[in-house]
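Take a look at the structure below.
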Amino acid sequence: MIKEYRTIQQIASPLMVVNQVEGATYDELVEVELPDGSVRRAKVLEVNGDTATVQLFESAAGINLAQSKVRFLGHPLQLGVSGDMLGRVFNGMGEPIDGGPEILAEEYRDINGLAMNPAARDYPNEFIQTGISTIDGLNTLVRGQKLPIFSGSGLPHAALAAQIARQARVLDDASNFAVVFAAIGITFEESEFFVQEFRRTGAIDRTVMFTNLANDPAVERISTPKMALTAAEYLAFEKDMHVLVIMTDITNYAEALREISAAKKEVPGRRGYPGYLYTDLATMYERAGRQLGKAGSITMIPILTMPEDDKTHPIPDLTGYITEGQIILSRELHRMGIYPPVDVLPSLSRLKDKGIGEGKTREDHSGTMNQLFAAYATGKEAKELMSILGEAALSPTDLLYAKFASEFEKRYVAQGPDENRSIQETLNLGWDLLSILPVGELKRIKEEHIEKYLPKKDEA
């Protein structure tokens with residue numbers, strides 16, 4: 001039985017206090033009917049005795065304290081899920097905004113979900129190809145992994161997110177692969193860019209897209225990633241699909257949490273963010289993974305812009321604790337005109353060794369990956385020395401390393417926004433670059449792999 005109340009005591013947007021409420025529960029969905037018959041939605045944030053604090057999903061303008069009716073619906077915010085979601089665009093509340101019909105839901109799911117039980121987790125160990133050399137070759141993405149991209153304002157993380165969503169695939173073509181894309185607090189232009197990109201390339205057919213714009217309410221911003229993960233859980237664990245969830249921008253999500261925390265007058269934590277920011281992010285990130293006995297999987301790439309490019313800011317800092325590595329974008333490479341400007345040396349995929357090698361990528365992957373890392377680090381040091389002491393101070397080998405570092409950035413790191421490299425092309429390109437160095441310097445690669453893969457023209 002749905003009860004109606006006309007006991008709104010006060011409104012301090014986006015919060016509303018309702019008195020004399022019976023049986024309200026945390027996160028319960030609420031409808032507010034205005035005198036003109038229009039309805040706005042909200043959810044219960046806090047219950048204290050018979051007083052409920054409710055958070056509005058839309059503007060509070062026009063709500064009359066005496067005449068507006070409040071209905072408590074008895075269930076949390078839900079998303080209607082079905083296989084028909086693929087190819088569709090929704091807003092942050094799960095409503096279609098692409099002009100298509102409503103989804104015929106097979107079931108309704110609570111969007112808050114649950115983090116995956118550690119005992120039910122299966123270990124991530126299968127390669128996902130993104131078509132981007134710096135990820136596939138050096139910081140490999142593994143099915144079921146959480147691998148965030150740390151960016152800065154003005155860097156091309158939106159283009160990179162769209163490129164990964166378009167190109168990502170699992171190598172055994174028999175598997176069902178889908179992308180769930182959540183755009184959180186972005187501008188209308190960015191939203192249009194993503195939709196048009198996916199339509200232009202046909203990637204929209206295997207994509208479910210949730211879009212929350214910067215002018216939408218903060219509370220909708222908090223629901224958007226949860227909507228996306230609910231859709232992903234359904235596709236992965238009911239439809240046996242391998243789902244890649246891309247979320248941009250997690251910083252906007254955290255800012256919305258901070259805004260609502262301030263409205264609730266909670267004691268602020270680090271930099272004004274609520275003390276439960278870590279728990280909140282962990283609850284969200286830990287919904288990704290593989291489950292024992294289930295064919296599907298959820299792999300997650302959250303993208304966040306670091307305020308002032310600061311890695312120690314609470315959002316990237318906490319995200320780094322929860323996830324299995326990070327891809328870091330470099331402002332310096334971006335200024336040099338290199339796309340995608342992935343800063344290889346501080347980037348890390350903690351599960352990369354689990355998804356590579358014979359039967360997954362290629363037998364020489366591990367050795368070439370380690371050798372490329374080492375050679376690039378040495379080459380960067382040689383270039384720094386050259387800029388301080390001049391070219392004459394470097395040995396012939398140091399000069400070769402400096403040349404390697406420059407070529408590595410120009411040919412391996414840089415690739416076009418529509419360039420989709422297979423893992424074989426990436427590995428062969430790595431060998432091509434390693435042929436710049438003397439064979440004696442390739443100490444991290446097995447002899448038989450050098451014999452088999454190093455281009456013969458440079459072997460002498």
Side-chain angles (χ1 to χ4, degrees), residues 129-141 147-168 190 193-194 197 201 246 248-249 301 303-306 308-311 316 325-349 352 368-387 391 398-437:
Q129 180 175 292
T130 63
I132 293 163
S133 291
T134 42
I135 298 176
D136 293 349
L138 302 174
N139 294 290
T140 313
L141 180 65
L147 185 64
I149 294 176
F150 290 2
S151 181
S153 58
L155 295 180
H157 50 269
L160 182 59
Q163 185 171 3
I164 293 171
R166 284 197 317 266
Q167 295 179 180
E190 280 181 300
F193 163 74
F194 286 127
E197 254 324 88
T201 54
I246 299 176
T248 179
D249 179 343
I301 300 183
I303 297 172
L304 53 95
T305 47
M306 301 178 288
E308 297 164 11
D309 293 1
D310 179 10
K311 290 191 200 73
Q326 67 277 330
I327 305 289
I328 296 177
L329 301 190
S330 155
R331 204 168 284 285
E332 185 189 345
L333 289 175
H334 181 56
R335 286 196 193 105
M336 288 161 62
I338 289 172
Y339 170 89
V342 174
D343 199 348
V344 168
L345 298 179
S347 295
L348 167 72
S349 167
K352 64 187 173 193
T368 52
M369 173 178 72
N370 294 335
Q371 190 66 64
L372 286 167
F373 261 118
Y376 182 50
T378 308
K380 291 266 283 185
E381 282 174 24
K383 284 173 79 174
E384 280 174 30
L385 269 176
M386 197 193 295
S387 65
E391 201 170 310
D398 286 341
L399 287 170
L400 285 175
Y401 271 112
K403 181 188 175 190
F404 171 87
S406 298
E407 288 295 309
F408 179 82
E409 287 171 355
K410 271 189 267 180
R411 291 169 55 197
Y412 195 95
V413 179
Q415 65 183 89
D418 287 311
E419 189 180 346
N420 187 358
R421 292 180 188 160
S422 71
I423 186 61
Q424 310 299 329
E425 288 172 323
T426 290
L427 291 171
N428 292 341
L429 177 57
W431 278 107
D432 206 31
L433 287 164
L434 288 173
S435 68
I436 293 170
L437 302 173

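Computed over heavy atoms, backbone and side chain alike; hydrogens, waters and symmetry mates excluded.
Nearest heavy-atom pair across Arg411 and Arg421 is O-NH2, 3.1 Å. The two residues Leu147 and Gly325 make their nearest non-hydrogen contact at CD1-C, 3.9 Å. Pairing each heavy atom of Ala402 with each of Met386, the nearest pair is CB-CE, 3.6 Å. Contact record, Ala158 with Phe194: O-CE2, 3.3 Å, taken as the closest heavy-atom pair. The nearest pair of heavy atoms linking Gln167 to Ile132 is NE2-CG1, 4.2 Å.
Scanning for ring-ring contact (aromatic ring centres under 6.0 Å, His included) contacts around Phe150 gives an empty result, with sequence neighbours left out. In this structure, the salt bridge (charged side-chain N to carboxylate O under 4.0 Å, His left out) partners of Glu197, at least two apart in sequence or on a different chain, are Arg166, Arg200.
By the 4.5 Å heavy-atom criterion applied to side chains, Pro156 and Pro340 are not counted as neighbours. For the pair Ser151 and Leu304, the minimum side-chain heavy-atom distance is 4.5 Å or more. Using a 4.5 Å heavy-atom threshold, the side chains of Ile327 and Leu160 count as separate. In this structure, Ile328 and Leu345 have side chains that are not in contact, with every pair of non-hydrogen atoms separated by 4.5 Å or more.
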> After noting the C-alpha distance and the side-chain angles of Leu372 and Phe404, does the key distance pass the side chain to side chain contact (heavy atoms under 4.5 Å, CB included) rule?
Replying inline: CA-CA 10 Å; Leu372 286 167; Phe404 171 87; 3.7 Å; yes
>> Applying side chain to side chain contact (heavy atoms under 4.5 Å, CB included) to Tyr412 and Val344, what does each step give before you reach the verdict?
In response: CA-CA 11 Å; Tyr412 195 95; Val344 168; 6.0 Å; no
> Checking side chain to side chain contact (heavy atoms under 4.5 Å, CB included) for the pair Ile164/Ile149: CA distance, chi angles, key distance, verdict?
Replying inline: CA-CA 11 Å; Ile164 293 171; Ile149 294 176; 3.9 Å; yes
> Run the side chain to side chain contact (heavy atoms under 4.5 Å, CB included) check on Val342 and Leu329 step by step: do they pass?
Replying inline: CA-CA 4 Å; Val342 174; Leu329 301 190; 3.9 Å; yes
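Thr426 places no side-chain N or O within 3.5 Å of a backbone atom of Gly137 that could act as its donor or acceptor partner. For the pair Asp432 (side chain) and Asn428 (backbone), a donor-acceptor distance under 3.5 Å is absent. Looking at Gln371, its side chain never comes within 3.5 Å of a backbone N or O of Thr368 through a donor-acceptor pair. Under the 3.5 Å distance criterion, the side-chain polar atoms of Gln163 are matched with a main-chain donor or acceptor of Gly416. At distances below 3.5 Å, at least one donor-acceptor pair connects side-chain atoms of Gln415 with backbone N or O atoms of Ser133. For the pair Glu425 (side chain) and Ser422 (backbone), a donor-acceptor distance under 3.5 Å is present. In this structure a side-chain-to-backbone donor-acceptor pair under 3.5 Å is missing from Ser349 to Leu141.
Between the side chains of Asp136 and Thr130, at least one donor N or O lies within less than 3.5 Å of an accepting N or O. Side-chain N/O atoms of Thr305 and Asp249 include a donor and acceptor closer than 3.5 Å. Remark: the Tyr339 side chain and the Glu419 side chain contain no N/O donor-acceptor pair separated by less than 3.5 Å.
Screening Tyr376, Phe373, Tyr401 against Phe408 for a ring-ring contact (aromatic ring centres under 6.0 Å, His included) leaves a single residue, Tyr376.
Residue-environment remark: NZ (Lys383) exceeds the threshold of 12 foreign heavy atoms within 6.0 Å.
Between His157 atom NE2 and Thr248 atom OG1 the span is 5.0 Å, to the nearest 0.5 Å. The distance from the CG atom of Leu433 to the CD atom of Glu409 is 11.0 Å, given to the nearest 0.5 Å. Rounding to the nearest 0.5 angstrom, the gap separating the CD1 atom in Ile301 from the CD1 atom in Ile303 is 7.0 Å.
Listed by first then second residue, pairs satisfying side chain to side chain donor-acceptor pair (under 3.5 Å) with a partner in residues 325-337 read Asp309-Arg331, not counting sequence neighbours.
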